[in-house]
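Numbering of residues begins at 1 and proceeds along the displayed sequence.
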Amino acid sequence: MTLAEAGVEANALAESGHEPELARLRAAWAEELEAAARSSDYRERAAAYRAVGQFRFRQKEELLRRGLEDASPACRGSALLSLELLSRDHPRVVNAVRPLLHSIANADDNPAVRRLTILALRNGSPQRDTIVLLQGIAEEEGLDRGVKETASKVAAGLEKRSKTR
């Protein structure tokens, strides 16, 4: 079984609430996940960053930070997918890396990475600086339409959440 296959299995266990089996799978794959994240091959690093979320590995959040700073868009995207997945239940994961997410959302060269970053910000606390940044991205001239639309929707959702608090 590959790390990617183990990640799919871990995700299925997590979604079905089989925590003891998930914990055993985490223990069995923890070292391999760490090794893959240090690989010189971006595909192995991307699989490792994606697996962090699939395994619900909250102890590996620092590894995700490294993934967000990776030179490969595939690795940044995989880390963002995991970050978004881990932050669905609690905004702490997004809030911990908010300045880095702001930087990526505002300036990454890859439109898909920017959209994934904006989607991850959706799960964070509805802070004013994030809302203003997203509104600015939504109005920016010459920017990818998908990025602008995503920014607009997420900004509106965060603004609505901030008013219901």
### Query
Below 4.5 Å, heavy atoms only, C-beta onward: do Gln127 and His102 meet side chain to side chain?
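Gln127 does not reach His102 side chain to side chain.
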### Query
Between Ser162 and Ile131, which heavy-atom pair has the shortest distance, and what is it?
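Result for this residue pair: OG-CD1, 4.3 Å.
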Tell me if a side-chain donor or acceptor on [X] pairs with a main-chain N or O of [Y] at a distance below 3.5 Å.
X     : Y     : result
Arg76 : Gly67 : no
Arg26 : Phe55 : yes
Glu32 : Trp29 : no

### Message
Between Arg114 and Asp144 (salt bridge meaning N to carboxylate O under 4.0 Å), is one present in this structure?
### Response
no
#### Entry: Presence of salt bridge, Glu84 and Arg88, under 4.0 angstrom
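Result for this pair is yes, salt bridge flagged.
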Measuring from [X]:[atom1] to [Y]:[atom2], what's the distance to the nearest 0.5 Å?
X      : Y      : atom1 : atom2 : value
Ile118 : Ile104 : CD1   : CD1   : 11.0 Å
Thr130 : Leu101 : OG1   : CG    : 8.5 Å
Leu63  : Tyr49  : CG    : OH    : 5.5 Å

### Task
Please check if atom CZ in Arg43 has more than 12 non-hydrogen atoms from other residues, nucleotides or ligands closer than 6.0 Å.
no
### Message
With a 4.5 Å cut-off on side-chain heavy-atom distances among I, L, V, M, F, W and Y, is there a chain of contacts connecting Val97 to Leu80?
### Response
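The answer is yes; both residues are in one hydrophobic cluster.
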Enumerate, atom names and distances included, each donor-acceptor pair closer than 3.5 Å involving a side-chain atom of residues 146-154, sequence neighbours excluded.
| unit_1 | atom_1 | unit_2 | atom_2 | d |
| --- | --- | --- | --- | --- |
| Lys148 | NZ | Glu140 | O | 3.0 |
| Glu149 | OE2 | Arg145 | NE | 3.0 |
| Thr150 | OG1 | Gly146 | O | 2.8 |

#### Entry: Working for salt bridge (Lys or Arg N to Asp or Glu O under 4.0 Å), residues Glu61 and Arg65
CA-CA 7 Å; Glu61 288 175 19; Arg65 177 183 286 274; over 6 Å; no
### Message
Under the criterion salt bridge (Lys or Arg N to Asp or Glu O under 4.0 Å), I'd like the reasoning laid out for Glu159 against Arg128: C-alpha separation, chi angles, the key distance, then a yes or no.
### Response
CA-CA 8 Å; Glu159 190 150 39; Arg128 189 76 199 141; 3.3 Å; yes
